[in-house]
Novice: 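I'd like to ask some things about the structure below.
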Number of protein chains: 2
Amino acid sequence: MQISAKADYAVRVMLELAAHGPDVVKSTILIDHQDLPRKFVETILVDLRRADLVRSHRGADGGYTLARPASAISIGQIVRAIDGPLAEVRGLRPHECEYTNAAEHLAEVWVAARAALRKVLDETSLAHVLNGKLPVHVRRMAGSPEAWLPR
Amino acid sequence: MQISAKADYAVRVMLELAAHGPDVVKSTILIDHQDLPRKFVETILVDLRRADLVRSHRGADGGYTLARPASAISIGQIVRAIDGPLAEVRGLRPHECEYTNAAEHLAEVWVAARAALRKVLDETSLAHVLNGKLPVHVRRMAGSPEAWLPR
DNA sequence: GTTTTTCCCTATCGGGGTAATAGGGATTGA
DNA sequence: TCAATCCCTATTACCCCGATAGGGAAAAAC
């Protein structure tokens with residue numbers, strides 16, 4: 001799972017948007033609050049608008065709002081909008097992989113890995129992250145001390 | 001999760017090795033059985049040896065064997081040896097990410113995602129895949145029909 | 001209706017990784 | 001000594017990533 005800088009920034013910008021409730025927030029505020037590279041994030045915001053995750057408002061007193069309530073936008077949706085599919089194997093979707101001989105059952109492993117990822121990223125919303133109350137099964141995953149150790 | 005061609009090939013080559021039991025198998029056999037690009041895979045085999053996942057035997061009648069029993073080598077180990085860490089966020093390990101303000105709890109999500117991945121890839125061995133008997137929790141993940149649908 | 005603010009578009013940049021091949025050198029068993 | 005096999009170093013083409021520059025377009029305020 002390689003979360004690009006772009007996707008990481010996108011999630012953070014949207015969390016900041018969510019924190020400002022229903023208000024229209026200008027990009028400068030979002031960028032400063034999260035300390036991100038201005039010009040780069042500007043292009044990300046355009047991508048997020050094209051993916052219908054945020055709405056833009058031009059002119060003086062313009063800015064951005066979430067396209068839907070924070071509880072209806074998952075982290076997975078944002079990552080997918082920016083980075084593409086959550087899981088790929090040599091450029092293919094896990095379910096498209098075809099294997100023979102000794103590798104016959106390999107696709108099942110990739111599909112299981114993707115399903116495990118989805119269970120975390122698609123079931124965690126901006127609202128969950130914002131107020132720190134993650135879904136129980138996600139909390140349990142991150143709660144184990146060994147989950148924080150490198151391998 | 002981006003599994004590179006290199007890592008995919010590596011797993012397949014090692015599955016093929018596992019299928020030949022304790023015998024020394026020459027690269028040609030592995031490559032032909034899985035229909036892979038010869039020269040490319042030759043470099044992968046060197047990487048696998050350096051990672052101490054296979055042992056090489058030179059000279060006529062040379063070839064490769066697994067460095068350990070197939071039940072003691074996980075898919076996760078192979079992927080890590082070739083592609084590096086299972087999960088990274090803008091080049092950092094999930095547990096190294098630091099966030100402020102609205103994003104304070106974001107690291108927990110990334111860590112949970114990594115833990116979910118580990119639970120599949122580190123607990124599935126070459127032997128599991130070879131004989132098609134995946135661990136129960138992995139089987140349950142891949143068993144759900146929706147796990148095979150794109151999103 | 002002009003001005004100001006803000007979003008928005010296109011182009012560009014260097015660096016680094018990915019997939020793959022070429023060509024031959026080193027090693028070992030027979 | 002011979003032949004098979006592994007092993008090493010380069011090199012290729014290509015694309016993506018992170019980031020910046022510079023200005024154009026829209027809309028609200030006055």
Side-chain angles (χ1 to χ4, degrees), chain A residues 1-13 17 20 23-32 34-67 79 81-85 88-92, chain B residues 1-13 17 20 23-32 34-67 79 81-85 88-92:
Chain A
M1 181 189 57
Q2 301 285 78
I3 304 293
S4 66
K6 207 166 172 175
D8 180 64
Y9 296 168
V11 173
R12 287 160 69 182
V13 153
L17 261 183
H20 288 262
D23 300 356
V24 174
V25 190
K26 50 194 63 164
S27 65
T28 305
I29 303 288
L30 304 172
I31 289 166
D32 288 353
Q34 286 295 319
D35 192 29
L36 302 174
R38 172 158 286 103
K39 278 301 202 176
F40 190 34
V41 172
E42 279 182 13
T43 67
I44 296 173
L45 282 163
V46 173
D47 291 341
L48 289 174
R49 181 182 51 80
R50 291 211 183 103
D52 198 38
L53 288 170
V54 304
R55 297 217 192 293
S56 64
H57 308 264
R58 289 192 171 198
D61 270 16
Y64 293 91
T65 57
L66 294 181
V79 171
I82 301 296
D83 278 354
E88 283 189 335
V89 180
R90 39 181 257 271
L92 295 175
Chain B
M1 181 188 57
Q2 300 285 81
I3 303 293
S4 66
K6 206 165 174 178
D8 181 63
Y9 296 168
V11 173
R12 288 160 68 182
V13 155
L17 261 184
H20 286 80
D23 300 357
V24 174
V25 190
K26 50 193 63 161
S27 65
T28 306
I29 304 286
L30 304 172
I31 288 165
D32 288 352
Q34 286 294 321
D35 192 29
L36 301 175
R38 171 159 287 103
K39 278 300 200 177
F40 190 35
V41 172
E42 278 182 13
T43 68
I44 296 172
L45 282 164
V46 174
D47 291 341
L48 289 174
R49 180 182 51 81
R50 294 210 181 105
D52 197 38
L53 289 169
V54 304
R55 299 216 191 292
S56 65
H57 308 264
R58 288 189 170 200
D61 269 16
Y64 293 91
T65 55
L66 293 182
V79 172
I82 302 296
D83 278 355
E88 282 188 335
V89 179
R90 39 181 256 270
L92 294 175

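Reminder, nothing fancy here: chain letters follow the sequence lines and each chain counts from 1.
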Novice: Can you measure B:I82 atom CD1 to C:dG17 atom C1' for me and round it to whole angstrom units?
Specialist: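 Computing the B:I82:CD1 to C:dG17:C1' distance gives 15 Å.
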Novice: Taking only N and O in the side chain of B:S56, is any of them less than 4.0 Å away from OP1 or OP2 of D:dC6?
Specialist: no
Novice: Could you tell me the separation between the CD1 atom of B:I29 and the C1' atom of D:dA4, rounded to a whole number of Å?
Specialist: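 Spelled out: CD1 on B:I29 to C1' on D:dA4 is 13 Å.
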Novice: Mind checking what makes side-chain hydrogen bond (donor to acceptor under 3.5 Å, both in side chains) contact with A:R49, not counting sequence neighbours?
Specialist: none
Novice: Can you measure B:H57 atom NE2 to C:dA30 atom C1' for me and round it to whole angstrom units?
Specialist: 17 Å
Novice: For C:dC7, take OP1 and OP2 only and decide whether either is under 4.0 Å from a side-chain N or O of A:R55.
Specialist: no
Novice: Just call it for B:T28: base, sugar-phosphate, or nothing, with non-hydrogen atoms closer than 4.0 Å on any strand.
Specialist: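 B:T28: no heavy atom of the nucleic acid under 4.0 Å.
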Novice: Considering only D:dC8, D:dA4, C:dC7, which nucleotide approaches the side chain of A:S27 most closely?
Specialist: C:dC7
Novice: Kindly compute the distance separating CG (B:L66) from CG (B:L48), expressed to the nearest 0.5 Å.
Specialist: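 Output value for this atom pair is 10.0 Å.
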Novice: Walk along nucleotides 25-30 of chain D from 5' to 3' and tag each nucleotide B, S or - by protein heavy-atom contact under 4.0 Å, base first, then sugar-phosphate.
Specialist: BSB---
Novice: Tell me the interatomic distance from B:I44, atom CD1, to D:dC6, atom C1', rounded to whole angstroms.
Specialist: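 About 15 Å, once rounded to whole Å.
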Novice: Could you state the CG-P distance from A:D35 to D:dA19, rounded to the nearest angstrom?
Specialist: 11 Å
Novice: Within this structure, what is the CD-to-P distance between A:E88 and D:dC15, rounded to whole angstrom?
Specialist: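 Computing the A:E88:CD to D:dC15:P distance gives 16 Å.
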Novice: Looking at CD1 of B:I3 and CG of B:D83, how far apart are the two atoms once the value is rounded to the nearest 0.5 Å?
Specialist: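 With rounding to 0.5 Å, CD1 (B:I3) is 6.0 Å from CG (B:D83).
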Novice: B:L45 CG to D:dC8 P: how many Å, rounded?
Specialist: 12 Å
Novice: Looking at B:T28 and B:R38, what are the two nearest heavy atoms and their distance?
Specialist: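 Taking every non-hydrogen atom into account, CG2-NH2, 3.6 Å.
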Novice: Find out whether B:I29 and B:H20 are in side-chain contact, i.e. whether some heavy atom of one side chain is under 4.5 Å from a heavy atom of the other.
Specialist: yes
Novice: Could you run through nucleotides 18-24 of chain C and give me one letter per nucleotide, 5' to 3': B if any protein heavy atom sits under 4.0 Å from the base, S if only the sugar-phosphate is that close, - if neither?
Specialist: -SBBBBB
Novice: Where do A:Y9 and A:V41 come nearest, in terms of heavy atoms and distance?
Specialist: CD1-CG2, 4.3 Å
Novice: Is there a side-chain contact between B:R12 and B:D8, using heavy atoms and a 4.5 Å cut-off?
Specialist: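 The answer is yes, as the side chains (C-beta and beyond) meet within the 4.5 Å cut-off.
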Novice: Return the value, rounded to whole Å, for the distance between atom CD of A:Q2 and atom P of C:dG16.
Specialist: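 Rounding to the nearest Å, CD of A:Q2 and P of C:dG16 are 17 Å apart.
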Novice: Quick one, A:V24 and A:D61 - any side-chain contact, counting heavy atoms below 4.5 Å?
Specialist: no
Novice: So, A:D47 side chain and A:I82 main chain: donor-acceptor pair closer than 3.5 Å or not?
Specialist: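 Side chain of A:D47 to backbone of A:I82, a donor-acceptor pair under 3.5 Å: no, none is there.
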